[in-house]
Amino acid sequence: MSDHKATIIDGKAIAQTIRSEIAVEVQRLSQTYNKVPGLAVVIVGKRKDSQSYVGMKRKACAELGIKSFDIDLPEDVSQSDLITKLHELNANPDVHGILVQLPLPKHINEEKILTEISLDKDVDGFHPLNIGKLAMKGRDPLFVPCTPKGCLELLSRSGISVKGKNAVVVGRSNIVGLPVSLLLLKADATVTVVHSHTKEPESIIRNADIIIAAAGQATMIKGSWIKAGAAVIDVGTNAVDDPSKKSGYRLVGDVDFEEASKVAGWITPVPGGVGPMTVAMLLKNTLDGAKRVIEH
């Protein structure tokens with residue numbers, strides 16, 4: 001058994017395929033209607049990680065022919081000025097998607113801000129009405145949050161069926177854990193959510209056919225916790241010190257990749273797994289929002 005190697009789910013390659021599919025659609029909209037999808041990316045302040053995410057999103061738009069509206073606001077912008085800006089974007093017919101890069105500075109109420117984004121342009125899928133519809137049987141949100149959507153897309157494009165499977169989600173954040181558990185439920189999995197108050201998480205995770213790790217704890221999930229043949233989607237990106245690297249650190253997931261790949265059936269690497277999919281799904285949501293407007 002020791003020479004077993006899990007199939008690596010190549011998120012970068014799958015995301016590239018999706019981006020090519022989107023580019024074809026953008027081209028078609030441009031030729032047929034002389035209009036292209038527009039995405040407004042709003043960033044407040046100068047957080048390094050946020051700036052790098054936003055940079056990736058804007059670059060991806062440029063590559064696919066999606067028009068990018070760049071809104072860079074100072075750290076000390078007032079909540080009312082930010083809301084005014086969002087209302088302008090809501091009213092702009094060339095903008096089909098609006099993304100506010102989280103986290104926001106402490107003096108701004110995130111919940112209030114997310115509610116101000118027009119439901120039809122909420123490409124991050126975090127508007128309470130979109131999350132509410134995601135939670136309800138027989139309802140479909142206009143947009144599904146990008147990272148959870150990317151996780152399920154990785155499973156489906158790798159030929160892994162979800163229906164009737166035991167799925168364990170590790171973590172319950174509003175951005176990943178909670179919405180991915182709702183999506184898995186919609187896809188007819190039997191879902192358990194493991195979190196910081198869970199007793200004996202190891203025994204629960206061991207029963208999983210599908211593990212979605214989104215706890216933000218470096219290599220917390222060991223190989224011995226994983227059932228042979230399970231599919232492991234690792235959403236974690238944790239920086240750990242590594243003097244051999246120029247930056248002084250390297251990125252690892254929530255799963256011990258070395259150990260896990262000896263047991264699992266499928267596993268996503270970190271980096272190069274879920275990350276590229278998040279951006280691809282954002283672009284897909286923007287395209288879908290644009291099509292609803294342009295083709296009607």
Side-chain angles (χ1 to χ4, degrees), residues 1 4 6-9 11 14 125-126 128-217 219-236 253-257 259-270 273-274 277-278 281:
M1 190 57 202
H4 170 84
T7 301
I8 306 289
I9 299 175
I14 294 173
F126 294 145
L129 272 173
N130 273 326
I131 293 286
K133 284 184 188 236
L134 183 62
M136 292 170 84
K137 205 171 169 185
R139 310 277 165 90
D140 285 310
L142 282 172
F143 299 104
V144 172
C146 304
T147 301
K149 185 173 175 164
C151 291
L152 270 85
E153 195 72 29
L154 285 174
L155 291 169
S156 74
R157 289 193 186 233
S158 303
I160 300 160
S161 73
V162 174
K163 195 175 187 161
K165 298 278 181 71
N166 286 337
V168 172
V169 178
V170 186
R172 54 173 170 180
S173 72
N174 289 336
I175 292 177
V176 186
L178 177 82
V180 86
S181 69
L182 297 173
L183 263 184
L184 286 161
L185 199 55
K186 259 205 196 316
D188 298 324
T190 301
V191 183
T192 310
V193 179
V194 165
H195 49 78
S196 56
H197 295 274
T198 302
K199 293 189 169 53
E200 298 181 33
E202 184 179 338
S203 60
I204 296 170
I205 294 168
R206 251 202 209 107
N207 274 319
D209 304 307
I210 295 167
I211 300 166
I212 312 272
Q217 299 282 328
T219 60
M220 160 193 152
I221 297 168
K222 306 298 174 197
S224 61
W225 297 23
I226 295 166
K227 180 162 102 174
V232 180
I233 306 289
D234 192 348
V235 185
D254 289 352
V255 177
D256 187 322
F257 183 84
E259 287 183 12
S261 44
K262 296 187 176 109
V263 198
W266 296 265
I267 189 166
T268 59
V270 175
V274 175
M277 292 298 289
T278 298
M281 293 299 109

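Side chains are part of it too, since the values below use all heavy atoms of this structure and drop only hydrogens, waters and symmetry mates.
Side chain of Asn166 to main chain of Asp209: no donor-acceptor pair is present (N/O by atom type, distance under 3.5 Å, no hydrogens or angles). Within the 3.5 Å criterion, the main-chain N or O of Ala264 finds a donor-acceptor partner in the side chain of His4. At distances below 3.5 Å, at least one donor-acceptor pair connects side-chain atoms of Asn130 with backbone N or O atoms of Leu142. Without hydrogens or angle criteria, Asp188 side chain to Gly164 main chain gives no donor-acceptor distance under 3.5 Å. Of the possible donor and acceptor atoms, one in the side chain of Lys186 sits under 3.5 Å from a partner among the backbone N and O of Arg139. The main-chain N or O of Val255 is found under 3.5 Å from a side-chain atom of Asp234 such that the two form a donor-acceptor pair.
The two residues Asp254 and Gly216 come nearest to each other via the heavy atoms OD2-N, 2.9 Å. The nearest pair of heavy atoms linking Pro179 to Ser173 is CD-O, 3.6 Å. Across all non-hydrogen atoms, the minimal contact from Gly177 to Val169 is O-CG1, 3.6 Å. When all heavy atoms of Asn174 and Leu178 are compared, the closest pair comes out as OD1-CD2, 4.4 Å.
Each of Ile9, Leu154, Ile233, Thr7 was scored for a side-chain contact (heavy atoms from CB on, under 4.5 Å) with Ile160, with one residue passing: Ile9. A side-chain contact (heavy atoms from CB on, under 4.5 Å) with Val180 is found for one member of Ile212, Val193, Val235, Val144 and no other, namely Ile212. Screening Pro145, Pro148, Cys146 for a side-chain contact (heavy atoms from CB on, under 4.5 Å) with Thr278, the sole residue that qualifies is Cys146. The only option from Ile221, Val232, Ile8 that meets the side-chain contact (heavy atoms from CB on, under 4.5 Å) definition with Phe257 turns out to be Ile8.
Residue-environment remark: NZ (Lys133) stays at or below the threshold of 12 foreign heavy atoms within 6.0 Å.
The distance from atom CG of Leu183 to atom OG1 of Thr147, rounded to the nearest 0.5 Å, is 11.0 Å. Interatomic distance, CG of Leu184 versus CG of Leu155, reported as 7.5 Å (0.5 Å rounding). For the atom pair CE (Met281) and NZ (Lys149), the distance works out to 6.5 Å, reported to the nearest 0.5 Å. Residue Ile226 holds its CD1 atom at 4.5 Å from CD1 of Ile211, rounded to the nearest 0.5 Å. Interatomic distance, CD of Glu259 versus OG of Ser224, reported as 6.5 Å (0.5 Å rounding). Rounding to the nearest 0.5 angstrom, the gap separating the CE atom in Met277 from the CD atom in Glu153 is 5.0 Å.
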Q. How far apart are the C-alpha atoms of Asn207 and Val168, what are their side-chain angles, what is the distance that settles it, and do they pass the side chain to side chain contact (heavy atoms under 4.5 Å, CB included) test?
A. CA-CA 8 Å; Asn207 274 319; Val168 172; 6.0 Å; no
Q. Yes or no on side chain to side chain contact (heavy atoms under 4.5 Å, CB included) for Ile14 and Ser158, after CA distance, side-chain angles and deciding distance?
A. CA-CA 9 Å; Ile14 294 173; Ser158 303; 4.2 Å; yes
**Q.** Pair Met220-Trp225, side chain to side chain contact (heavy atoms under 4.5 Å, CB included): steps then yes or no
**A.** CA-CA 10 Å; Met220 160 193 152; Trp225 297 23; 4.3 Å; yes
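Residues Arg206 and Glu200 form no side-chain contact, since every pair of their non-hydrogen atoms from C-beta on lies 4.5 Å or further apart.
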